[in-house]
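First the proteins, then the strands, lettered A, B, ... as listed; each starts at 1. Not measured: the values here are computed from a predicted model.
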Amino acid sequence: MAIQLFDSLERKIKVLSPSHPDGVFRFYNCGPTVYAPAHIGNFRTFVVNDVLRRLLELEFGAAKVKHVRNLTDVDDKTIRRAREEGRPLADVTKQWTDKFHADCAALNCLPPHVEPTATGHIKEQVDMIDVLMQKGNAYRAADGSVYFKVTSFAGYGALSRVKERELQLGSALSGKSQAADADEKEDVSDFALWKAHKPDDGANAWDSPWGRGRPGWHIECSAMSKKHLGETIDLHTGGVDLLFPHHENEIAQSECCNGSQFSRHWYHSEHLLVDGKKMSKSLGNLYTLDQLKEMGHSPMALRYALLTGHPRKQLNFTLDSLHAAESALKALRAFRATLPAVGGDAAIFTPVFAALNDELNTPGAFGALFTIVNRGPQGISLDSFDRVLFALGLNLDVTTPKAEVPAEITALAAKRWAAKQAKDFAAADALRKELTAAGWSMLDSKTDYKLEPLKK
RNA sequence: GGCGCGGUAGCCAAGUGGUAAGGCCGAGCUCUGCAAAAGCUCUAUGCGCCGGUUCAAUUCCGGCCCGCGCCUCCA
């Protein structure tokens, strides 16, 4: 079953396929900047890309997919963070890289096959800039920085339609860019390939033919993609915000440098909104995985919730959606427990995969899955069900962490159980009321009982 | 101002030119000393508004209203 995905460049739905003779599908996903914990909006993109990675493996075979996701470990934000904390840059980026990895693992995201860093590929970046200089696509400005000359690339703007945008520059853009622009660029549209060292950069500088400095943001993806996947890749993905300027600039750099098509397919996932707005610190609606965990939500519930919206549509995240996800996962877990190991008809799940392969329609896939689940377990076995879980990346063994039961609650529960055994129901009911007042629920079975915090 | 996306039940959210998936919540029932859990059942004559095309539109076309995102280093 072919995987179809919208291509942001050609603006149409296309079938994914490998182009290299080795049959390996080359997939590059723009990764995070490691200066702070990633928020759940970042993880929406990574979880969506993880589902894509899993589908690619199912489609082409696990050995025939090469997935690269970079780490941006040198830029204004990482350097500023290091400076503010008085620590070496590498310390800061190591800390947040480790955190990112831990969060990804908790969300059951498969690690990429290669996870290159910008600082680990200075030479590759310098080499590309060198070629761009030789070919006349770049110039060194008076401040020592090297810029890409946008007018030198006729194809500039094809991805983001930036040319149409510039026909009528609104006040918002012109005011902003003039205020922020202290560079020596020949044209406001030009962007930095190599940034000359400034005092605020501290020790974070490397030698280059154009003097000490550091690479611009955009060139890292071009260089790392080229090194690990070759000049032409099969798919390049990221969040919509990267469409312009980041991906537009990548295309310009790579195609001018290599003289060949950069990526055969571009895919951008939409943003996560919280309470109807984009997440931001100033709005106070920015969540991290740790915050949700502290509220008692499991990472798997977040993964599920992040997949309940179509990846190409903004998804409005609410805390309620985590409760819904938790309940849905519980139902899937209960269903799975009723299944025999083998012997089912895998074709039953065709509608689920059809939805996933049709532009990663994860909400449609969940709908199809529950339609099947609601019909009952007849004809379904564990192997085929687990294939669905694999594609969605749902690990049903992950449950909400159990809350610690205070000693006094344990004692009350024991007293009530004793009263119940003695058929003193009045006392048992009174004790249940006490437990309820204390925020605990006692779940009786025939022979035993469990304690759970009351649901809010 | 430009570019892009969207408005479907209390909430979240698929989808289709032929009469609305699914999850949550809620209600009822079964079960249970009670409660919870679990199981079963029910819950949009309706898909932002107004026109048009059509035998038929939520789905196509036009207009309008509203919301959101992006517009130089934010996934």
In whole angstrom, give me the gap between the [atom1] atoms of [N] and [M].
{"N": "C61(B)", "M": "U45(B)", "atom1": "C1'", "answer": "26 Å"}
{"N": "A20(B)", "M": "C25(B)", "atom1": "P", "answer": "25 Å"}
{"N": "C49(B)", "M": "C55(B)", "atom1": "C1'", "answer": "26 Å"}
{"N": "G7(B)", "M": "A44(B)", "atom1": "C1'", "answer": "16 Å"}
{"N": "A21(B)", "M": "G26(B)", "atom1": "P", "answer": "23 Å"}
{"N": "C47(B)", "M": "A9(B)", "atom1": "P", "answer": "9 Å"}
{"N": "U59(B)", "M": "G46(B)", "atom1": "P", "answer": "15 Å"}
{"N": "G69(B)", "M": "C60(B)", "atom1": "P", "answer": "25 Å"}

Of the options Tyr156(A), Trp266(A), Trp217(A), which is the one that meets His247(A) in a ring-ring contact (aromatic ring centres under 6.0 Å, His included)?
->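 Exactly one option meets the ring-ring contact (aromatic ring centres under 6.0 Å, His included) with His247(A), and it is Trp266(A).
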
Taking the side chain of [X] as its heavy atoms from C-beta onward, which of [options] lies nearest to it?
{"X": "Lys313(A)", "options": "C71(B), C5(B), A36(B)", "answer": "C5(B)"}
{"X": "Ser441(A)", "options": "A36(B), G67(B), G15(B)", "answer": "A36(B)"}
{"X": "Met279(A)", "options": "A75(B), A14(B), G67(B)", "answer": "A75(B)"}

Who does [N] pair with, Watson-Crick or G-U, both distances under 3.5 Å?
{"N": "G6(B)", "result": "C66(B)"}
{"N": "G46(B)", "result": "none"}
{"N": "C60(B)", "result": "G52(B)"}
{"N": "A38(B)", "result": "U30(B)"}

From [atom1] of [X] over to [atom2] of [N], roughly how many Å is that when rounded to an integer?
{"X": "Lys330(A)", "N": "G39(B)", "atom1": "NZ", "atom2": "P", "value": "9 Å"}
{"X": "His310(A)", "N": "A13(B)", "atom1": "NE2", "atom2": "P", "value": "13 Å"}
{"X": "Gln314(A)", "N": "A13(B)", "atom1": "CD", "atom2": "C1'", "value": "15 Å"}
{"X": "His268(A)", "N": "G69(B)", "atom1": "NE2", "atom2": "P", "value": "19 Å"}
{"X": "Leu369(A)", "N": "C24(B)", "atom1": "CG", "atom2": "P", "value": "12 Å"}
{"X": "Phe244(A)", "N": "C3(B)", "atom1": "CZ", "atom2": "C1'", "value": "11 Å"}
{"X": "Leu329(A)", "N": "C24(B)", "atom1": "CG", "atom2": "P", "value": "11 Å"}
{"X": "Leu431(A)", "N": "A36(B)", "atom1": "CG", "atom2": "P", "value": "18 Å"}

Heavy atoms under 4.0 Å, any strand shown: does [X] hit a base, just sugar-phosphate, or nothing?
{"X": "Leu315(A)", "result": "sugar-phosphate"}
{"X": "His246(A)", "result": "nothing"}
{"X": "Leu443(A)", "result": "base"}
{"X": "Asn361(A)", "result": "sugar-phosphate"}
{"X": "Gly41(A)", "result": "base"}

Do NZ/NE/NH1/NH2 and the carboxylate oxygens of [X] and [Y] come within less than 4.0 Å?
{"X": "Arg214(A)", "Y": "Asp201(A)", "value": "yes"}
{"X": "Lys12(A)", "Y": "Asp7(A)", "value": "no"}
{"X": "Asp444(A)", "Y": "Arg416(A)", "value": "yes"}

Ring centroid separation for [X] and [Y], is it under 6.0 angstrom?
{"X": "Phe148(A)", "Y": "Tyr139(A)", "result": "no"}
{"X": "Trp417(A)", "Y": "Tyr449(A)", "result": "yes"}
{"X": "His67(A)", "Y": "His228(A)", "result": "no"}
{"X": "His297(A)", "Y": "His323(A)", "result": "yes"}

Return the polar atom pairs (N/O with N/O) between nucleotides 19-23 of chain B and the protein under 3.5 Å, or none.
{"from": "A21(B)", "atom 1": "O2'", "to": "Thr371(A)", "atom 2": "OG1", "distance (Å)": "3.3"}
{"from": "A21(B)", "atom 1": "N1", "to": "Pro363(A)", "atom 2": "O", "distance (Å)": "3.4"}
{"from": "G23(B)", "atom 1": "OP1", "to": "Asn374(A)", "atom 2": "ND2", "distance (Å)": "3.0"}
{"from": "G23(B)", "atom 1": "O2'", "to": "Ala324(A)", "atom 2": "O", "distance (Å)": "3.4"}

Looking at [Y], is [X] sitting on its ring face, NZ or CZ under 6.0 Å from the six-membered ring centre and within 45 degrees of the normal?
{"X": "Arg53(A)", "Y": "Phe27(A)", "answer": "no"}
{"X": "Arg387(A)", "Y": "Phe353(A)", "answer": "yes"}
{"X": "Arg69(A)", "Y": "Phe46(A)", "answer": "yes"}
{"X": "Arg312(A)", "Y": "Phe6(A)", "answer": "yes"}

Angle class for the Tyr28(A)/His236(A) ring planes (parallel below 30°, perpendicular above 60°, tilted otherwise)?
->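 If you compare the ring of Tyr28(A) with that of His236(A), the planes turn out tilted.
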
Quick one, which residues of residues 210-220 of chain A touch RNA chain B with a heavy atom under 4.0 Å?
->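 RNA chain B contact set from residues 210-220 of chain A: Trp217(A).
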
If you restrict it to nitrogen or oxygen atoms, what contacts under 3.5 Å exist between nucleotides 31-34 of chain B and the protein, and what is each distance?
{"from": "G33(B)", "atom 1": "O6", "to": "Arg416(A)", "atom 2": "NH2", "distance (Å)": "3.1"}
{"from": "G33(B)", "atom 1": "N1", "to": "Asp429(A)", "atom 2": "OD1", "distance (Å)": "2.9"}
{"from": "G33(B)", "atom 1": "N2", "to": "Asp429(A)", "atom 2": "OD1", "distance (Å)": "2.8"}
{"from": "G33(B)", "atom 1": "N2", "to": "Asp429(A)", "atom 2": "OD2", "distance (Å)": "2.4"}
{"from": "C34(B)", "atom 1": "O2", "to": "Arg432(A)", "atom 2": "NE", "distance (Å)": "3.1"}
{"from": "C34(B)", "atom 1": "N3", "to": "Arg416(A)", "atom 2": "NH2", "distance (Å)": "3.4"}
{"from": "C34(B)", "atom 1": "N3", "to": "Arg432(A)", "atom 2": "NH2", "distance (Å)": "3.1"}
{"from": "C34(B)", "atom 1": "N4", "to": "Asp444(A)", "atom 2": "OD2", "distance (Å)": "2.6"}

Along RNA chain B (nearest heavy atom to each residue), the more 5'-positioned of Asn316(A) and Arg44(A) =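 In this pair, the answer is Asn316(A).
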
State, without any angle test, whether Thr78(A) and Asp75(A) hold a side-chain donor-acceptor pair at a distance under 3.5 Å.
->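 Asp75(A) and Thr78(A) do have a side-chain donor-acceptor pair below 3.5 Å.
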
